[in-house]
Amino acid sequence: MSRIQAVKGTREFYPEEMALRNYIYEKVRAASQSFGYQEWDGPFIESIDLYAAKSGEELVRKQSFVFEDRGGDLVTLRPELTPSLARMIAAKQNELTFPLRWWSFGPFWRYEQPQKGRTREFFQWNIDMLGVDSPEADAELIAVAVTFLRSVGLDPRQATVFVNNRAFMNSQFDVLGIPREKWPDVSSLIDRRSKMEAAKWDAYALEIGLSQKQLDGLKTLLGDFDLWKKSEELVRLFTALDALGVRDYVKFDPNIMRGLLYYTGTVFEAFETSGSLRRAILGGGRYDNLLADVGGKPLPATGFAMGDVVIGIVLQENGLLPEFVPTPAPVLVTVFDKTLSMKSYALANELRRAGINTAVYPEPAKLPKQFKFADKMKMRVALVLGPDEVEKGRVVVKDLSNGSQQTVEKEATVQTVREILESKSAR
RNA sequence: GUGCCUGUAGCUCAACGGCAGAGCGCCACACUGUGGAUGUGGAUGUUGUGGGUUCGAAACCCAUCAGGCACCCCA
């Protein structure tokens, strides 16, 4: 094919996909706003330098869409939102009202190898609380996440949020006598455990310089799912989760570490428990140093992000996609023939003026064809204005969900249509 | 960026060196004033793209593009 195709990894939203995107957006908004978070957004294009500071070399060097603008500056399509957030907060740190609760849903780009659940262009929900340094704030963010998961129909058996605490794990490493400079290596070791064979993982652990005794101690830690009881922070977190009514979705898991370097305390990730996709639905945690790192005054922060791609697949695989109704207009006014078409147009106008979304069949065609169209578009009501009706000043109103129809005075059309739309569909 | 697998009708797939097919969907008609059901008929196409091998390529080889799996990373 010589046709120019879409750029690799980009998304084409046909109406059906667009409906899903909007559905997710709607549920994200509802969950965010139910906890009092404000919607905001940053630029889609940023200077590469913004990310060079803190996002990690991998993200900047290999995963960003970077290009030179016409003025010769290097710019990038944003690969993440947090640096923009940090800058915008730092710029108005003295005039914003804290604690600050912000959320956002928008497009991001990463130059990655596309595969299932991973595209180069994706939408991401970001939500953060800034200015509060407490496990209860972390618990609130987890509760927002669970509120969302619940609202799209996922129950605790289908989706679980796994929680750990970076600082606490570090203190445990300390107890094992693992020196501070090895902590990042140990973190990525833990991150990788589920992906490696046990023997190879052991070998790798020794390779990065752990003693056999430290390795044994580490394995005991990672197998201890009651470990959280030793952490005052985690105990407070779970107590708050209980009060917030989301405890049944959340589990402590010492194996959750998360790759990003800037997490300082609580970290969490939500996974689909049964599905084919072993990717996180959402992930986040506490990052208390980020604002100071980009030149602002120190400010504690906690938050998480969720991509639209994985959650879309999870919903689909669990049969939780909302029914797709192609048309936003539940009413079709058929066009009988050329001479009567203006009568149909005028009737549609009346319905619209009464606040009812109405489509007219755009040309004269056989009625079966027009009814098939209405059916495929999942319309609820079809109106017929033929010679008989026009002569008597009447309109045929048909409820497509059950096939019943009635002939009414033209003046009663709006009322009759409204009654059908408000009644339950028989379909 | 690396390794492996896969690209055939709108969709799911068959044909695996010898005339490109099926099911679903689509369109038309039965039904010139009524959709979903049924029946009958019809069109599906540069076999992802470009090159090579061969008398002959959808098939074999090379390149390229896209998708999938793993690595990497992560939403």
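Keep in mind that what you see is a predicted model, and the values were worked out from it rather than measured. Every chain is numbered from 1, with letters handed out A, B, ... down the list of sequences.
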Partner set under side-chain hydrogen bond (donor to acceptor under 3.5 Å, both in side chains) for [X], not counting sequence neighbours:
| X | value |
| --- | --- |
| Arg352(A) | none |
| Arg247(A) | none |
| Glu350(A) | Lys410(A) |
| Arg150(A) | none |

Practice prompt. Return each pair, listed once, that meets side chain to side chain donor-acceptor pair (under 3.5 Å) where at least one residue sits in residues 330-345 of chain A; pairs must be two or more places apart or across chains.
Written response: Asp337(A)-Thr339(A)
Fill in: Distance in angstrom units between Asn126(A) CG and A75(B) P, rounded
10 Å
Please tabulate, for the side chains in residues 126-137 of chain A, all donor-acceptor contacts under 3.5 angstrom to protein atoms that are two or more places apart in sequence or on a different chain.
| from | atom 1 | to | atom 2 | distance (Å) |
| --- | --- | --- | --- | --- |
| Asn126(A) | ND2 | Gln124(A) | OE1 | 3.1 |
| Asp128(A) | OD1 | Tyr287(A) | OH | 2.5 |
| Ser134(A) | OG | Glu136(A) | N | 3.4 |
| Ser134(A) | OG | Ala137(A) | N | 3.1 |
| Glu136(A) | OE1 | Arg236(A) | NH2 | 2.8 |
| Glu136(A) | OE2 | Arg236(A) | NE | 3.1 |

Fill in: Pairs satisfying ring-ring contact (aromatic ring centres under 6.0 Å, His included), at least one member in residues 6-26 of chain A, at least two apart
Phe13(A)-Phe123(A), Tyr25(A)-Phe105(A)
Discussion item. Requiring both pairing distances under 3.5 angstrom, list the stems that contain RNA chain B and are made of three or more consecutive Watson-Crick or G-U pairs.
Written reply: B:1-7 with B:65-71, B:10-13 with B:21-24, B:26-30 with B:38-42, B:48-52 with B:60-64
Worksheet, complete the sentence: From the candidates G33(B), A75(B), G35(B), the one with an atom nearest any side-chain atom of Gln124(A) is A75(B)
Discussion item. Using a heavy-atom cut-off of 4.0 Å across all strands, would you classify Glu121(A) as base, sugar-phosphate, or nothing?
Written reply: nothing
Donor-acceptor contacts under 3.5 Å from residues 366-373 of chain A side chains, at least two apart:
| from | atom 1 | to | atom 2 | distance (Å) |
| --- | --- | --- | --- | --- |
| Gln370(A) | OE1 | Val335(A) | N | 2.8 |
| Gln370(A) | NE2 | Val335(A) | O | 2.7 |
| Gln370(A) | NE2 | Ala365(A) | O | 2.7 |

Discussion item. Please give me every residue in residues 335-345 of chain A whose heavy atoms get under 4.0 Å of an atom in RNA chain B, ordered by residue number.
Written reply: Phe336(A)
Taking N or O atoms only and anything under 3.5 Å, show me the protein contacts with nucleotides 29-32 of chain B, one pair per line.
| from | atom 1 | to | atom 2 | distance (Å) |
| --- | --- | --- | --- | --- |
| C29(B) | OP1 | Lys366(A) | NZ | 2.4 |

Item to complete: Quick one: list whatever passes ring-ring contact (aromatic ring centres under 6.0 Å, His included) with Phe148(A), sequence neighbours left out.
Response: Trp125(A)
